[in-house]
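Please read these numbers as outputs of a predicted model, since none were measured by experiment. Scope of the values below: all heavy atoms of this structure, side chains included, with no hydrogens, waters or symmetry mates. Order of appearance sets the numbers: ligands from 1, and atoms from 1 within every ligand.
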Amino acid sequence: MSKLFDEKLSALGITLTENQYEQFDKYYELLVEWNKVMNLTGITEYEEVNEKHFIDSLSIVKVVDISKVNTVIDIGTGAGFPGIPLKIAFPHLKITLLDSLNKRIKYLNTVIENLGLEDIQTIHGRAEDFARKEEHREQYDIVVSRAVANLSTLSELCIPYVKIGGMFIPYKSGEIEEEVKEAQTAIKILGARKKEIIKFTLPGSDINRSFVKIEKVKNTGKKFPRKAGLPGKEPIK
Ligand code: SAM
């Protein structure tokens with residue numbers, strides 16, 4: 001456990017048990033080990049992983065009261081960010097991790113098993129395909145996604161999963177007003193509305209994080225998401 005990590009957690013108002021610290025350390029070890037044989041992250045130094053992956057993933061607590069959230073899906077989770085840190089710090093969450101790369105899903109299953117996490121599932125597949133399945137469509141309180149696509153495309157991948165009254169909260173960075181403006185039509189067509197943009201720097205650093213709170217107000221039309229690949233190739237305008 002690191003004092004620096006602890007200070008940053010405190011700045012976010014998060015306190016962990018001994019077991020949760022151990023889970024973060026084990027997650028770090030597995031990340032570095034598996035990263036030698038597959039591409040998971042460019043960041044491997046301990047404090048840097050704590051900051052840029054763990055603290056960053058958890059920084060969503062600044063924009064939403066996690067104690068009131070039950071179900072979360074992380075679209076394009078990659079090595080498990082932000083979904084796994086959220087699950088470790090907030091064990092009450094029911095988390096679904098979705099990614100189209102099976103190697104990463106195998107890694108995530110190993111992490112889940114080694115850390116003894118419960119109420120967490122992984123899905124290997126494209127976001128566009130699983131959003132059509134009844135057990136996932138409009139089922140989630142919160143949909144999160146970090147570093148996957150521009151907001152127009154990402155809205156089509158994510159908003160179909162949000163239940164009415166729930167939120168899509170993408171992890172973005174820096175000045176995102178223009179990107180949000182360009183996604184306004186997509187957000188509306190998909191049955192949601194932009195509530196607010198929240199920007200801050202991560203505790204004890206100058207790393208920018210910007211969140212957009214997007215609220216689901218009505219059902220997403222049946223034609224969305226379009227077939228796999230199209231949301232990226234031809235974003236809704
Ligand atoms: N969210 C992680 C993070 O912030 O470290 C991973 C980001 S990585 C740059 C993007 C991930 O999104 C990859 O693992 C990729 O396989 C996944 N991805 C991209 N498009 C996808 C889609 N349409 N459906 C499911 N996963 C997708």
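Heavy atoms of other residues, nucleotides or ligands lying less than 6.0 angstrom from CD of E135 number more than 12.
Between Y107 and Y27, the angle of the ring planes stays under 30°, which puts this pair in the parallel group of the 30/60° scheme.
For T153, the side-chain hydrogen bond (donor to acceptor under 3.5 Å, both in side chains) test picks out N150, with sequence neighbours left out. Residues passing the side chain to side chain contact (heavy atoms under 4.5 Å, CB included) test with D119, sequence neighbours excluded: K87, K94. Every side chain to side chain contact (heavy atoms under 4.5 Å, CB included) that R137 has, sequence neighbours left out, goes to P160, T220, P225.
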Report the C-alpha separation of K8 and E47 in whole Å, then their side-chain angles, then the decisive distance to 0.1 Å, and conclude whether the salt bridge (charged side-chain N to carboxylate O under 4.0 Å, His left out) test is met.
CA-CA 11 Å; K8 289 172 181 172; E47 292 296 354; 5.6 Å; no
Below 3.5 Å only, please: the N or O atoms of ligand 1 paired with protein N or O atoms, distance on each line.
residue	atom	partner	partner atom	Å
ligand 1	1 (N)	G76	O	2.8
ligand 1	1 (N)	F81	O	2.8
ligand 1	1 (N)	R146	O	2.8
ligand 1	4 (O)	R146	O	3.2
ligand 1	4 (O)	R146	NE	2.6
ligand 1	4 (O)	R146	NH2	3.3
ligand 1	5 (O)	R146	NH2	3.1
ligand 1	14 (O)	D99	OD1	3.2
ligand 1	14 (O)	D99	OD2	2.7
ligand 1	14 (O)	R104	NH1	2.7
ligand 1	16 (O)	D99	OD1	2.7
ligand 1	16 (O)	S100	OG	3.4
ligand 1	23 (N)	E128	OE1	3.0
ligand 1	24 (N)	A127	N	2.9
ligand 1	26 (N)	S100	N	3.3
ligand 1	26 (N)	S100	OG	3.4

